[in-house]
Amino acid sequence: LISYMSFQKRVGSRFRSQLFFFSLLLLTLTRPAFGQYYFDYNPEIQAVYGQIMDLNLPAAALKLEPLPRDEPQNLARIHLQDYYDFFQVYASDQEAIYKTLKRNRNEHLSLLEKGPSDSPWLLYSQADVRLHWAFLKFQFGDYLSGFLDVKKAFQLLEENLRAYPDFAPNYKNLGILHVLIGTVPDQYQWGVRLLSGLEGSIAQGREELAKALQDERETTAFLQQESR
């Protein structure tokens, strides 16, 4: 009896050890490796995005503050931070804030470039950051640099569209760009093509925005707010 109890104890101990090891292995396989960057537009990220789009910047700032600690490798927070910077500058219309926050642009792009190569968010997020700062550069008279950002953003979006034709956010940004280009008078279209390499029409842009609005996927549909 004592021998059987001893055997039971050894087997139970070994089973618990193996179960613990298996649990750790499963946790490792289902979570990004330490130091590995990823994109996760989880409900918390989407909620902060909504606050930013509603221009509730103080509330968004409170939610953004713990993200570098809680989700340090999640590049969605970098993308979100750039939205926050954009609206801070745009809403204030103060050149001092523009010059201060413009320093974050290169840092954001550098981090986003480290994302997983098989994610449709990799190129899209970089294009989005470039568009944010292109619009702000136009706002403060830095036209040449702004057009260069538009050109690069367009190239990134076109490349992403070829790789991920069903990724609806591509159409959101391309639609916005084509609508804007379509509003430029014909006599100045050559200048836009020269500086940004971009061609398009309002009709084309509206069609692309309509595609973006048809997106029903939970992970991307939250961006429809920009297409309306």
Side-chain angles (χ1 to χ4, degrees), residues 38-43 45-55 74-87 90 105 108-109 111-113 115-139 146-184 186 189 192-193 195-228:
Y38 61 95
F39 291 97
D40 180 13
Y41 292 81
N42 54 54
I45 292 286
Q46 293 187 26
V48 181
Y49 168 84
Q51 290 176 325
I52 293 172
M53 294 304 295
D54 290 338
L55 294 182
N74 187 1
L75 293 175
R77 70 174 180 83
I78 302 297
H79 190 189
L80 205 62
Q81 182 65 55
D82 201 80
Y83 269 101
Y84 179 80
D85 288 356
F86 169 78
F87 280 107
Y90 184 79
R105 171 192 173 278
H108 292 165
L109 286 172
L111 283 168
L112 292 171
E113 288 170 0
S117 59
D118 60 347
S119 172
W121 292 102
L122 177 68
L123 299 183
Y124 172 82
S125 61
Q126 294 174 56
D128 217 25
V129 168
R130 289 184 178 276
L131 285 180
H132 291 165
W133 288 97
F135 295 145
L136 293 176
K137 287 172 182 179
F138 294 151
Q139 184 177 353
F147 273 117
L148 291 176
D149 265 338
V150 168
K151 183 175 184 178
K152 182 61 177 178
F154 179 67
Q155 291 170 343
L156 290 168
L157 290 167
E158 288 279 277
E159 183 180 348
N160 209 42
L161 185 62
R162 288 192 293 271
Y164 304 100
D166 296 326
F167 186 64
N170 288 325
Y171 295 103
K172 185 262 293 181
N173 277 354
L174 285 170
I176 291 172
L177 282 174
H178 287 137
V179 166
L180 290 175
I181 295 303
T183 63
V184 176
D186 291 342
Q189 286 283 346
V192 173
R193 287 194 295 271
L195 292 170
S196 66
L198 193 61
E199 294 183 73
S201 67
I202 294 176
Q204 180 183 357
R206 284 177 175 169
E207 185 178 338
E208 288 163 336
L209 289 173
K211 284 185 179 180
L213 286 172
Q214 291 169 5
D215 184 23
E216 296 180 352
R217 283 172 292 188
E218 185 179 348
T219 53
T220 52
F222 69 98
L223 291 172
Q224 288 180 354
Q225 195 167 345
E226 296 176 59
S227 304
R228 294 188 173 95

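On a predicted model such as this, the values are computed, not experimentally measured, just so you know.
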*asked:* Nearest 0.5 angstrom please: Arg77 CZ to Asp82 CG, how far?
replied: 12.5 Å
*Rounded to the nearest 0.5 Å, what's the gap from NZ on Lys151 to CG on Leu156? Could you check?*
12.5 Å
_Between Asn170 and Tyr164 (side chain of the first, backbone of the second, donor and acceptor by atom type, cut-off under 3.5 Å), is there such a pair?_
yes
*Checking Tyr171 side chain against Glu207 main chain: does a donor-acceptor pair fall under 3.5 Å?*
no
*Rounded to the nearest 0.5 Å, what separation is found between the CD atom of Gln126 and the CG atom of Leu75?*
10.0 Å
*asked:* Just so I know, are the side chains of Lys137 and His132 near enough to count as touching, which here means a heavy-atom distance under 4.5 Å?
replied: no
*Is the Phe167-Trp121 ring centre distance short of 6.0 angstrom?*
yes
_Pair Phe147 and Phe138, ring centroids less than 6.0 Å apart_ = yes
*Is a side-chain donor or acceptor of Ser125 paired with a backbone partner of Leu122 at a separation under 3.5 angstrom?*
yes
*asked:* Looking at every non-hydrogen atom in both residues, tell me the closest pair between Val150 and Ala134 and how far apart they are.
replied: CG2-CB, 3.6 Å
*Does the pair Asp128/Lys172 count as a salt bridge with the N-to-O cut at 4.0 Å?*
yes
*What's the shortest heavy-atom distance between Arg130 and Asp149, and which atoms?*
NH1-OD1, 3.0 Å
*Go through the structure and list residues passing side-chain contact (heavy atoms from CB on, under 4.5 Å) with Asn42, not counting sequence neighbours.*
Asp40, Glu44, Ile45, Glu71, Asn74
_Ile78 CD1 to Leu112 CG distance, which is reported to the nearest 0.5 Å_ = 6.5 Å
*asked:* Can you tell me if Phe87 has over 12 outside heavy atoms packed within less than 6.0 Å of its CZ?
replied: yes
*What's the spacing between Phe86 CZ and Gln81 CD if we round to 0.5 Å?*
14.5 Å
*asked:* Testing the basics here: between Leu136 and Tyr90, what is the closest heavy-atom pair and its distance to 0.1 Å?
replied: CD2-N, 3.9 Å
*Please walk me through it: do His79 and Tyr41 pass side chain to side chain donor-acceptor pair (under 3.5 Å)?*
CA-CA 10 Å; His79 190 189; Tyr41 292 81; 2.7 Å; yes
_Minimum heavy-atom distance Ile52-Leu80, with the two atoms named_ = CD1-O, 3.7 Å
*Stepwise side chain to side chain donor-acceptor pair (under 3.5 Å) test for Asp85 and Trp133*: CA-CA 10 Å; Asp85 288 356; Trp133 288 97; 5.9 Å; no
_Nearest-0.5 Å distance that lies between atom CG in Leu157 and atom CG in Leu174_ = 4.5 Å
